[in-house]
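Following: one structure in structure tokens, then a few remarks.
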Number of protein chains: 2
Amino acid sequence: MTKTTTGDQALIKRINTAIVLEAILKEQPLSRAKISEITGLNKATVSSLVQDLIDNQLVREIGTGVSSGGRKPVMLEFIATAGYSVGIDLGVNYLRGVLVDLRGTVVAERTAPLSAVDPDDVFNVLRPFIQSLVSEAPPSPFGVVGIGVGVPGLVDSSGSVLYAPNLGWREVPLKDALSRTFGIPVLIDNEANVGAIGERTFGSGRGVSNMVYVSVGIGIGTGIILQRTLYKGASGFSGELGHLSVDAHGKPCRCGNRGCWELYASEQALLDQARSLGHSGDLDELLAAADAGDEAVRGLLAGIGEYLGIGIANIVNIFNPDAIVIGNRMSRAQPWIEQAMRRTVEERALNFHLRGVQLLFAELGGRSAVMGAAEQAVSAFFDRLKAG
Amino acid sequence: MTKTTTGDQALIKRINTAIVLEAILKEQPLSRAKISEITGLNKATVSSLVQDLIDNQLVREIGTGVSSGGRKPVMLEFIATAGYSVGIDLGVNYLRGVLVDLRGTVVAERTAPLSAVDPDDVFNVLRPFIQSLVSEAPPSPFGVVGIGVGVPGLVDSSGSVLYAPNLGWREVPLKDALSRTFGIPVLIDNEANVGAIGERTFGSGRGVSNMVYVSVGIGIGTGIILQRTLYKGASGFSGELGHLSVDAHGKPCRCGNRGCWELYASEQALLDQARSLGHSGDLDELLAAADAGDEAVRGLLAGIGEYLGIGIANIVNIFNPDAIVIGNRMSRAQPWIEQAMRRTVEERALNFHLRGVQLLFAELGGRSAVMGAAEQAVSAFFDRLKAG
DNA sequence: GTTTGTTTGTCTATCCAATAAACAAAGTTG
DNA sequence: CAACTTTGTTTATTGGATAGACAAACAAAC
């Protein structure tokens, strides 16, 4: 049951402080007078709230701006380096991590191979990996405000990895383990969910309200952002669109269903088809072959594009989103899959919905997830500020 | 661009008034002291807000309650008859209308056949139909506060019917026409959307947060309620799950796609299959035949149930909802389709998602849409109260 | 009947955030 | 320099929530 927040003056102040801070984040550098103008808040109110933000080391004055016929304005900016956040992408065979400031500027970045899969072994690699990023954070008022982690599996609301087939994990209390070690807030979420956040905040989905991020790797995962918020279903895990059936009588899937989308449009599907053609290489080798003019491989990739389009047409009809972003490894095949994909979506999706939707590829490349994970930790920090 | 609402004391009062009113609606009859206790608001605050509600004729005192060892409480109740609302279900060949009070109690109800399909002809039937319901409203402080209409087609945010294939309508400004005539707020929405609202407010989905209402009639429409709110996509129309493809290489659909769910699981699908078996009757006749022991018809119905299950399994995987409610005409076939439907969903949906979901049939029968339409008008009235 | 303690709902004084208006400071323009 | 603009602070006021005091009304125990 959600506790109903009653209204009092503290609530007002939190609301208005958030409005002021958001204005500074979005339009900086800007003056108090300008904030008053764009937010509709009284000048005196803005002055008072800005003073609080300055006292809290979140905002600073950076000198005067140019006059427009009167007294020069005192320009304000958000102190992005007031705190830092760590983002981790825990892959099946790699680790990727970033240290970012509160605006998402990357301060440090690391990658490492990951051969272990046993949870304890992974912890023993992960802990020093995170520690090294934390120790790179410059001195700052708030320090490292949180750690966000994206994992390839189902995560419950307590931050436990319920099920991660490609790691062989079940019920691994990752959040507990990390927050005990580091003593700062830890946020765990599915790789596709944090990827969606990453692309929406820093990548091709910037500013969009309703977006579906399709993470095409070995399988297909999806992160669904509705009304600017990550959608999670009743039990806290949604977005299993990889197991949307696109062929009711198709191949059986290990999930129990038949004809799941990811059986036809994932990297695994591509590799399986390639193997039956005699290619035994990985995705990179296939892309190289396509670049070199191998028509058979190009045909396979176009086929993947078509099946991606089939599922995406369904997503368009279901959610009528502003944008769909294709990410993860398969986005590297963009030149070979995009045309078939677009054509298929245009053929199959409803016209009314098609009109408003953008079909995009991830801008952040392999960094969608890691940036989104870091952003999750930052936004949890801001939420704490507002609540406290 | 959404205008950011800044916080001031009027906002506090609106928030708290809404909290108090909601407490009364949910727990009535109850005393001021009890309201203070369950909302966390100060007794004095509650007294003041209740007085405003009494002055506004929304709440009244109904005498004293039983003492629990001290002064007897003065019990309060919501004045459900402070206003009324009209709900209309505009079907392909029928009109159904209700007049309800602010709590949704039906005061008057009408149905009428509808042979016309030309918009102007429909208006000429619809206007006196609504007028007769409006004139049944008893005298009340607020009178008839609004008219809600559900239509079998796509509706845009301005209340125009963009496209209603079974009526042959395109770009019909229904809301404009009705609000000009009656001079009160009119809300138009898709039949499945208002049906979803109806079942969530008064029917089998009462109190649920995430629910998908599947309206199975000639076609399949869906109303998606997420976080207690009707989800509309970027362009304002979502929920076209009838055109979710469940067979990528299946029958071509008039929407341009292939293998759309409604080609296999709708009333139309059933009738088509029945015709190829030599049955020429409508749904009622088929149900009668099934009741009478016709094994062939029972087999057809079970087949529809299975295909419903295939689509519902997809919906479960997509949204991970608390409940799925099957409504509209086909819900009458519940005895013949339910078993196959449940079995298919259990076979195909992901276990993690299956655990929390309820599979339900509409409680309101043919009144889901009309009650939801009326409720939309009521809740718009409450929104106006809060805003003003 | 009397006493005691409880419950209800109002009243009063106080607090606090936002606001309008006045104002001082710092600028531009002619 | 005079007149006007713009910025940002100060001051007095408004309005809603709150704690605590309070009176009225009541049950239960004696």
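Just so it is clear: chains get the letters A, B, ... in the order the sequence lines come, proteins before strands, and each one is counted from 1. None of these values were measured; they are calculated from a predicted model.
Here the NZ atom belonging to A/K34 is positioned 13.5 Å from the CG atom belonging to A/L76, to the nearest 0.5 angstrom. The structure places NZ of A/K232 at 9.5 Å from CG of A/D156, a figure rounded to the nearest 0.5 Å. Distance CD1/A/I24 to CD/A/E77: 10.0 Å, rounded to 0.5 Å.
A side-chain contact (heavy atoms from CB on, under 4.5 Å) with B/Y84 holds for exactly one of B/L133, B/V145, B/D101, B/L102; it is B/D101.
Taking the nucleotide of DNA chain D with the nearest heavy atom to each of B/T64 and B/T17, the more 5' of the two is matched to B/T17.
The backbone N or O of B/L41 lies less than 3.5 Å from no partner atom in the side chain of B/T45, so there is not a single donor-acceptor pair.
In this model, the phosphate group of D/dA17 is approached by a side-chain N or O of B/N16 to a distance below 4.0 Å at OP1 or OP2.
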*Base versus backbone protein contacts along nucleotides 7-16 of chain C [heavy-atom cut-off under 4.0 Å; B, S, -]*: BBBBB----B
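Using modelled atom types, one finds no donor on one side chain facing an acceptor on the other under 3.5 Å when comparing B/D322 with B/S209.
Rounded to whole Å, the distance from CD1 on B/I12 to P on D/dT14 is 18 Å. For the pair A/I35 CD1 and D/dT6 C1', the computed distance is 16 Å after rounding to whole Å. One atom, CG of A/L11, and another, C1' of D/dT18, lie 15 Å apart when rounded to the nearest Å.
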